[in-house]
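The block underneath contains the structure these notes are about, expressed in structure tokens.
Basis for what follows: all heavy atoms, side chains included, without hydrogens, waters or symmetry-related copies.
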Amino acid sequence: MLRRCTLVALALVVLTLAPAGLAVADKIVLKDGRTYEGTILQETEESVKIRTAKATMTFQKNQIESIEKSESKVGDLDKRLTSLDPAQPQKYLETARWLTKEGRELFDVGLLRRLCNAAASRDRSLAAESQLLLGKELLERGSRLDAARSFARAANADSDEGAALRDKTLTQLRENLTTDLRAPLEGLDLVIAGNLPDALPKLQKSGAAILEELAAAPLNQSWDMFVTDIASRVMCKPCGGSALVSCPACEGTGIIKCNTCLGTGSKGGHKAGKDMVVLFKDTVCRACYGQKSSLCVKCAAERDVHILFDSTNRMGKNSETVHCVAGKEPQGLRTEIGLTDYDWTECMPGKVYVASITALPISKGGRTPCGTCKGIKYNPPATPVDVEGARRVKAAVEAMLRGEGSTDLLLKVGDSTFDQAAVADGIRYVNGRWVK
Ligand SMILES: [Zn+2]
Ligand SMILES: [Zn+2]
Ligand SMILES: [Zn+2]
Ligand SMILES: [Zn+2]
């Protein structure tokens with residue numbers, strides 16, 4: 001049982017720490033008894049170099065009693081990455097190839113992206129193969145647009161296979177986008193025709209990240225801002241333009257029946273009549289303090305609770321008010337007012353007693369953001385609708401779907417053979433991180 005747990009735990013560690021390495025360690029035992037665990041970086045006839053969590057050290061072979069090497073692929077990957085040298089770009093491609101074959105469970109696609117683009121950026125003759133490898137992996141992982149961009153870079157490096165895969169992937173992409181972008185295109189037509197109420201729901205149904213990319217330049221603002229601008233010009237019927245509707249959970253009251261006492265206000269299980277003295281503190285529901293209701297969490301309601309004592313306390317006050325927020329009401333009452341400092345009803349000399357607890361009407365809550373207008377208030381700007389912007393976005397989307405543009409609007413790779421962004425923060429792997 002214990003062994004099984006350890007194995008499971010180990011597997012988790014390997015998965016989580018994979019890129020950083022060191023999860024399953026190599027071990028060096030010296031003749032003087034000292035032991036070092038880490039990753040063996042280099043081994044020669046005379047010496048062994050090991051990187052531990054604290055330092056990198058070299059030991060002469062004649063100092064060493066034994067060496068245990070981990071079989072793990074994590075250590076293997078770590079070694080491969082550490083030995084990468086920008087002067088040998090083919091090593092990056094080899095490591096990428098190894099990853100897709102042997103180390104599948106070890107890497108996230110960002111690592112493969114970096115390795116393939118590093119190889120392509122250092123040696124143009126490796127670009128075609130690197131980008132094909134990356135593109136195929138991206139395609140397998142469902143990132144069709146990114147895959148098409150890799151294939152396009154392979155094609156830029158004179159790969160016929162890259163060109164064929166680019167065109168095939170693009171055709172599939174455009175087919176999907178034609179469906180995904182139908183509603184926003186209709187919405188843009190309606191904006192141009194001046195019918196904003198019908199345009200809005202169609203514009204809000206975009207669902208394609210490419211629209212954000214395509215629309216930014218023609219609009220001089222983000223697609224989201226454009227849609228929000230249209231929304232603020234449309235009076236929403238369900239909420240009357242206020243962007244808020246009555247909370248469905250509490251029907252707008254901000255309070256719901258206390259589910260501890262089921263709205264009775266008293267503690268269950270108390271046998272009335274059996275006890276000599278029936279104390280308020282023994283019978284009152286400790287979730288709602290006798291209020292029979294609690295604040296609605298759905299609309300984040302708030303209210304003040306007024307506590308009256310039968311005499312003044314040491315602060316000279318005979319009442320206190322606690323501001324309560326939904327979900328923390330009993331805690332608020334218990335801690336803020338220190339109810340334990342007070343007794344409840346039975347008289348004892350020198351004590352201050354709680355005479356009553358009264359919750360005031362809610363000061364906040366009862367309303368939730370309107371789902372129809374997505375919580376955007378009716379507040380039409382003085383400026384006219386950007387109809388020209390809408391026309392330009394429509395033209396750009398249609399051109400993209402037809403595959404027009406000197407460099408394809410979808411691909412945006414120009415004549416590059418590698419992705420600059422993927423290698424921007426370095427291609428050397430030192431002490432578990434990428435550096436320039
Ligand atoms: Zn509510
Ligand atoms: Zn209650
Ligand atoms: Zn208050
Ligand atoms: Zn609304």
Side-chain angles (χ1 to χ4, degrees), residues 109 113 117 127 131-132 134-193 195-196 198-231 385-422:
V109 80
R113 196 190 298 275
N117 282 295
Q131 296 294 357
L132 280 173
L134 176 61
K136 285 172 186 171
E137 182 69 25
L138 287 166
L139 201 56
E140 210 158 295
R141 293 183 182 218
S143 309
R144 207 173 260 158
L145 177 57
D146 278 348
R149 286 173 175 171
S150 274
F151 293 143
R153 291 192 175 102
N156 286 343
D158 304 321
S159 160
D160 292 340
E161 192 188 355
L165 284 169
R166 173 199 62 197
D167 294 344
K168 189 179 160 203
T169 313
L170 272 179
T171 305
Q172 292 166 338
L173 253 178
R174 288 204 192 91
E175 279 166 14
N176 285 358
L177 286 174
T178 304
T179 311
D180 290 349
L181 295 175
R182 187 169 296 138
L185 276 177
E186 287 169 5
L188 287 167
D189 276 335
L190 288 162
V191 169
I192 294 162
N195 181 353
L196 302 187
D198 288 338
L200 185 59
K202 290 179 184 289
L203 295 176
Q204 285 171 330
K205 225 172 127 190
S206 79
I210 194 69
L211 190 56
E212 317 254 333
E213 267 186 48
L214 274 176
L219 283 175
N220 296 319
Q221 64 177 334
S222 74
W223 173 256
D224 275 351
M225 283 164 70
F226 174 74
V227 176
T228 302
D229 174 80
I230 301 292
V385 179
D386 185 10
V387 174
E388 281 316 306
R391 273 191 231 277
R392 288 193 297 267
V393 175
K394 191 188 168 216
V397 170
E398 285 173 342
M400 181 272 291
L401 290 176
R402 285 194 302 265
E404 283 173 15
S406 52
T407 59
D408 194 289
L409 283 162
L410 254 183
L411 293 178
K412 296 184 166 175
V413 301
D415 56 4
S416 71
T417 53
F418 66 94
D419 178 6
Q420 182 62 51

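At least one side-chain heavy atom of Leu138 sits less than 4.5 Å from a side-chain heavy atom of Ser150. Counting heavy atoms from C-beta on, the side chains of Leu411 and Leu170 come closer than 4.5 Å. Residues Asp180 and Ile210 form no side-chain contact, since every pair of their non-hydrogen atoms from C-beta on lies 4.5 Å or further apart. Using a 4.5 Å heavy-atom cutoff, the side chains of Val227 and Leu200 are in contact. When side chains are defined from C-beta on, Leu219 does not count as touching Arg392, because their heavy atoms never get closer than 4.5 Å. In this structure, the side chains of Leu214 and Met400 come closer than 4.5 Å at one or more pairs of heavy atoms. Counting only heavy atoms from C-beta outward, the side chains of Asp229 and Asp386 never approach each other to under 4.5 Å.
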*asked:* Working note: Leu134 + Asp419, criterion side-chain contact (heavy atoms from CB on, under 4.5 Å); need CA distance, chi angles, decisive distance, verdict.
replied: CA-CA 11 Å; Leu134 176 61; Asp419 178 6; over 6 Å; no
*Please test Glu213 against Trp223 for side-chain contact (heavy atoms from CB on, under 4.5 Å), starting from the C-alpha separation and ending with a verdict.*
CA-CA 9 Å; Glu213 267 186 48; Trp223 173 256; over 6 Å; no
*asked:* For Phe226 and Val393: C-alpha separation, side-chain torsions, deciding distance, then whether side-chain contact (heavy atoms from CB on, under 4.5 Å) applies.
replied: CA-CA 11 Å; Phe226 174 74; Val393 175; over 6 Å; no
_Let's go through Leu190 and Leu196 carefully: what are the C-alpha distance in whole Å and the side-chain angles of both, what is the deciding distance for side-chain contact (heavy atoms from CB on, under 4.5 Å) to 0.1 Å, and is it a yes or a no?_
CA-CA 7 Å; Leu190 288 162; Leu196 302 187; over 6 Å; no
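The shortest non-hydrogen separation linking Ala147 to Gly135 is CB-O, 3.4 Å. Shortest non-hydrogen contact noted between Leu173 and Ala148 is CD1-CB, 4.2 Å. Nearest heavy-atom pair across Pro218 and Ala396 is CG-CB, 4.3 Å. Minimum heavy-atom separation, Ala127 to Ala157: CB-CB, 3.8 Å. Taking each heavy atom of Ala199 and Gly187 in turn, the nearest pair found is CB-O, 3.4 Å. Listed here is the closest heavy atom pair of Gly414 and Asn156: O-ND2, 3.1 Å.
How far CD of Glu137 is from CG of Leu132: 13.5 Å, rounded to the nearest 0.5 Å. Of the inter-residue distances, the one linking Arg144 atom CZ with Thr169 atom OG1 reads 8.0 Å to the nearest 0.5 angstrom. Taken to the nearest 0.5 Å, the CG atom of Asn176 stands 11.5 Å off from the CG atom of Leu145. Atom CG of Leu203 is separated from atom CG of Asp224 by 11.5 Å, given to the nearest 0.5 angstrom. To the nearest 0.5 Å, atom CZ of residue Arg174 and atom OG1 of residue Thr179 are 14.0 Å apart. The line from NZ of Lys202 to CD1 of Ile230 is 15.0 Å long, rounded to the nearest 0.5 Å.
Salt-bridge check for Glu161 with Lys136: passed, with a basic side-chain N closer than 4.0 Å to an acidic carboxylate O. With salt bridges taken as basic N to acidic carboxylate O contacts below 4.0 Å, one links Asp146 and Arg113.
Formation of a donor-acceptor pair under 3.5 Å by the Arg391 side chain with backbone atoms of Leu188 is not found in this model. Looking at Gln131, its side chain never comes within 3.5 Å of a backbone N or O of Ala152 through a donor-acceptor pair.
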